[in-house]
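Step one of this worksheet: look at the structure below.
Given the structure is predicted, the values throughout are model-derived calculations rather than measurements. Labels below follow one simple rule: chain letters A, B, ... track the order of the sequence lines, proteins then strands, and each chain is numbered from 1.
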Amino acid sequence: MKKKVVLAMSGGVDSSVAAALLVEQGYDVIGLFMRNWEEEDGGGHCTAEADYDDVKNVCNLLNIPYYTVNYAKQYKDKVFKYFLEEYAKGRTPNPDVLCNREIKFGPFLTQAYALGADYIATGHYCGIVRKNGFTYLTKAADKDKDQTYFLNQLSQTQLKDVMFPLENMVKNEVRAIAEKYGLSTAKKKDSTGICFIGERNFREFLSNYFPNHKGDIVTIDGKVVGEHIGLMYYTIGQRRGLGLGGEKENQNRWFVVEKDMTNNRLIVSHGDESVLDSKALFATEINWIPKVSEESEFECFAKFRYRQEEQKVKVKLEEAGDKAYVEFDTLQRAVTEGQYVVFYNETDCLGGGVIDKVFK
RNA sequence: AGGGGUGUCGCCAAGCGGUAAGGCACUAGACUUUGACUCUAGUAUUCGUAGGUUCAAAUCCUGCCACCCCUG
């Protein structure tokens, strides 16, 4: 009896190739397409349609069944609500980390099991290893595409039956396989932007949810140099979008140093960037994979944002590992509250948590 | 009212008779399953304005306008 795998298909190359590989490996594959975002601003919801068309094409070519599910409500309640709340607090959230925890490995998992899945698969670039009764999340073979950062919040239960068919693949190979199979997605551009919402003018998008609350842009010394359109539109270390020109004595680019929520002021500087450096952070809501360390203090590596080199850090656990102080080996630029700190050793993703406070 | 100074792209700012540097902003791409960062490219037929001198003016001359100082 063939093992049944339910695969999350987005209509991109990665999940398309994952489907082909699973079929090749002799699994009984079912494709599931998620539609989690209802357009509210009139604009084209045609992308989701086009993506679903690709899913259909690929599934028909591979001769596997496919279904579509809609978790727009769950997405809104569990991901988007948090996203807006965080912005309202002046933080910079990472909705995609939650999207994985709450949707792709939430209702989707349930649905997959309901369809009789033995395994659940996605087109993520990351690996999975099972030993000693635990499931480990490992880094992808393609170091450049590694997506473990976004999966740092997954529990053992969620990972239990997960497969990542692309774990040993490099992007080029994936493209090549797509070509070989003649998949309609072979040359499709990688999708970017917030998961399910897609790439868009971020400022314009946020403006649908927040009133413009203008205020002063001031330098560290308190000199007013401009006007901002609302603090939620900016994030620490940001340069573009400030609209600030050069000054006679200092022609360097301006950047955001801090968001003063109480006074509705955006603090900026230019030139010396060391004001953005920090030496430690305090993280909350930490999820450890596969389980919390037995030592309350240890060294490992960490990333403070996706696509960053891993940094050497020292972790000091608090509250049974739910929270932690993380000290950096070297100063880090623009570590931002609301983002995730994700821990690694040489081979595995050890989990991660929300950056709640940053220490300079 | 008198004396001095300044007016070059949204912001700074070179140029000072030979046919508009540069930086920042901005725009567009690249990169990217968050937001950022980063990278590449583009961006003044025109120099406050009206005349004049000259083969040739942002650069010289004159009037006017605006702004900034100082003196009353």
Side-chain angles (χ1 to χ4, degrees), chain A residues 8-15 34 36-37 47 51 75 79-80 82-84 86-87 89-104 122-126 140 142 144-153 166 171 174 188-206 209-210 217 225-228 231-257 259 268-271 273 276-277 303-309 332-342 352 354-355 358:
Chain A
M9 295 185 73
S10 64
V13 233
D14 297 333
S15 54
M34 280 177 267
N36 303 336
W37 183 251
T47 9
D51 287 340
Y75 186 85
V79 180
F80 203 63
Y82 163 88
F83 172 80
L84 295 180
E86 286 287 287
Y87 266 110
K89 284 185 211 160
R91 312 218 304 186
T92 306
N94 185 329
D96 290 357
V97 170
L98 276 192
C99 178
N100 280 304
R101 186 181 79 190
E102 301 295 336
I103 308 294
K104 291 177 190 162
T122 73
H124 283 110
Y125 285 86
C126 47
D142 190 336
D144 196 50
K145 293 297 290 184
D146 181 88
Q147 289 168 327
T148 50
Y149 183 87
F150 293 105
L151 303 182
N152 76 77
Q153 287 286 305
L166 305 184
K171 188 81 194 190
V174 170
K188 196 168 169 182
K189 193 182 184 308
D190 287 1
S191 69
T192 55
I194 300 174
C195 214
F196 298 117
I197 295 178
E199 198 159 20
R200 34 180 96 216
N201 181 322
F202 205 74
R203 195 170 269 195
E204 199 180 295
F205 178 67
L206 283 184
Y209 306 94
F210 295 106
I217 298 182
V225 288
E227 186 182 57
H228 72 248
L231 292 179
M232 62 286 287
Y233 295 95
Y234 307 85
T235 190
I236 309 304
Q238 177 174 338
R239 295 183 188 281
R240 308 193 75 190
L242 294 176
L244 297 178
E247 288 187 324
K248 195 168 182 175
E249 339 63 77
N250 188 338
Q251 304 228 319
N252 293 300
R253 305 176 66 187
W254 291 91
F255 51 83
V256 176
V257 176
K259 303 209 263 184
V268 299
S269 184
H270 56 172
E273 289 189 45
L276 291 174
D277 289 343
K303 287 189 193 180
F304 312 101
R305 51 171 55 75
Y306 180 53
R307 298 208 109 240
Q308 177 193 18
E309 290 285 316
Q332 298 295 313
R333 178 186 186 275
V335 174
T336 306
E337 292 169 2
Q339 292 284 296
Y340 282 84
V341 54
V342 178
V354 178
I355 298 170
V358 174

Contact between [X] and [Y] at the side-chain level, heavy atoms closer than 4.5 Å - yes or no?
{"X": "E273(A)", "Y": "N252(A)", "value": "no"}
{"X": "K104(A)", "Y": "T122(A)", "value": "no"}
{"X": "I236(A)", "Y": "L276(A)", "value": "yes"}

Can you tell me how far [atom1] in [N] sits from the matching atom in [M], rounded to whole Å?
{"N": "C16(B)", "M": "A20(B)", "atom1": "C1'", "answer": "13 Å"}
{"N": "G17(B)", "M": "C68(B)", "atom1": "C1'", "answer": "29 Å"}
{"N": "C12(B)", "M": "C26(B)", "atom1": "C1'", "answer": "15 Å"}
{"N": "A14(B)", "M": "U71(B)", "atom1": "C1'", "answer": "34 Å"}
{"N": "U6(B)", "M": "C60(B)", "atom1": "P", "answer": "11 Å"}
{"N": "U59(B)", "M": "U43(B)", "atom1": "C1'", "answer": "24 Å"}
{"N": "G2(B)", "M": "G15(B)", "atom1": "P", "answer": "33 Å"}
{"N": "A25(B)", "M": "G18(B)", "atom1": "C1'", "answer": "32 Å"}

| task | Let me know, please, whether E247(A) or H124(A) comes out on the 5' side of the other along RNA chain B by nearest nucleotide. | result | E247(A)
| Counting only N and O atoms by type, is there a donor-acceptor contact under 3.5 Å from the side chain of N152(A) to the main-chain atoms of T148(A)? | no
| request: Give a yes or no on whether the backbone of Q339(A) and the side-chain of N94(A) come within a donor-acceptor separation of less than 3.5 Å. | output: no
For a quick check of understanding: with a heavy-atom distance under 4.0 Å over all strands, which category does [X] fall into, base, sugar-phosphate or nothing?
{"X": "L98(A)", "answer": "nothing"}
{"X": "N100(A)", "answer": "base"}
{"X": "K145(A)", "answer": "sugar-phosphate"}

| Base C12(B) paired with Q251(A) side chain (donor-acceptor, <3.5 Å) |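 When only heavy-atom distances are counted, Q251(A) does reach the base of C12(B) through a donor-acceptor pair under 3.5 Å.
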| field | Sequence-distant partners of Y233(A), ring-ring contact (aromatic ring centres under 6.0 Å, His included), two or more places apart | value |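 Applying ring-ring contact (aromatic ring centres under 6.0 Å, His included) to Y233(A) gives none.
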For the pair made of [atom1] in [X] and [atom2] in [N], what is the distance, rounded to whole Å?
{"X": "Q308(A)", "N": "U34(B)", "atom1": "CD", "atom2": "P", "result": "15 Å"}
{"X": "I103(A)", "N": "U33(B)", "atom1": "CD1", "atom2": "C1'", "result": "15 Å"}
{"X": "R101(A)", "N": "U34(B)", "atom1": "CZ", "atom2": "P", "result": "19 Å"}
{"X": "E102(A)", "N": "U33(B)", "atom1": "CD", "atom2": "P", "result": "22 Å"}
{"X": "K171(A)", "N": "U32(B)", "atom1": "NZ", "atom2": "C1'", "result": "11 Å"}
{"X": "L242(A)", "N": "G23(B)", "atom1": "CG", "atom2": "C1'", "result": "16 Å"}
{"X": "Y149(A)", "N": "U32(B)", "atom1": "OH", "atom2": "C1'", "result": "13 Å"}
{"X": "M232(A)", "N": "U34(B)", "atom1": "CE", "atom2": "C1'", "result": "18 Å"}

| said: Can you tell me how the ring of F150(A) sits relative to the ring of Y306(A), calling it parallel under 30°, perpendicular over 60° and tilted otherwise? | reply: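 Answer is tilted, since the angle falls between 30° and 60°.
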| query | What orientation do Y234(A) and H228(A) show, parallel under 30°, tilted 30 to 60°, or perpendicular over 60°? | reply | perpendicular
| message | Check this for me, if you would: do E337(A) and R91(A) make a salt bridge, where the nitrogen-to-carboxylate-oxygen distance has to be below 4.0 angstrom? | response |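 Looking at E337(A) and R91(A), the cut-off is not met.
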| In dot-bracket notation, what is the pairing pattern of RNA chain B, taking Watson-Crick (N1-N3 plus N6-O4 or O6-N4) and G-U wobble (N1-O2 and O6-N3) contacts under 3.5 Å, with [ ] crossing and | for other strands? | ((((((((.[[[..)..(...]]].(((((.......))))).....[[[[[..)....]]]]]))))))).
| task | Locate the shortest heavy-atom distance separating Y125(A) from D14(A); write the atom from each residue and the value. | result | OH-OD1, 2.8 Å
Filtered N/O pairs between nucleotides 35-38 of chain B and protein, under 3.5 Å:
from   : atom 1 : to      : atom 2 : distance (Å)
G35(B) : O6     : R305(A) : NE     : 3.1
G35(B) : N2     : T235(A) : OG1    : 3.4
G35(B) : N2     : T336(A) : OG1    : 3.1
C37(B) : OP1    : R239(A) : N      : 2.8
C37(B) : OP1    : R240(A) : N      : 2.8
C37(B) : O3'    : R239(A) : NE     : 3.3
U38(B) : OP1    : R239(A) : NE     : 2.4
U38(B) : OP1    : R239(A) : NH2    : 3.4
U38(B) : OP2    : R253(A) : NH1    : 3.4

| field | Aromatic ring proximity, centroids under 6.0 angstrom, F83(A) and Y209(A) | value | no
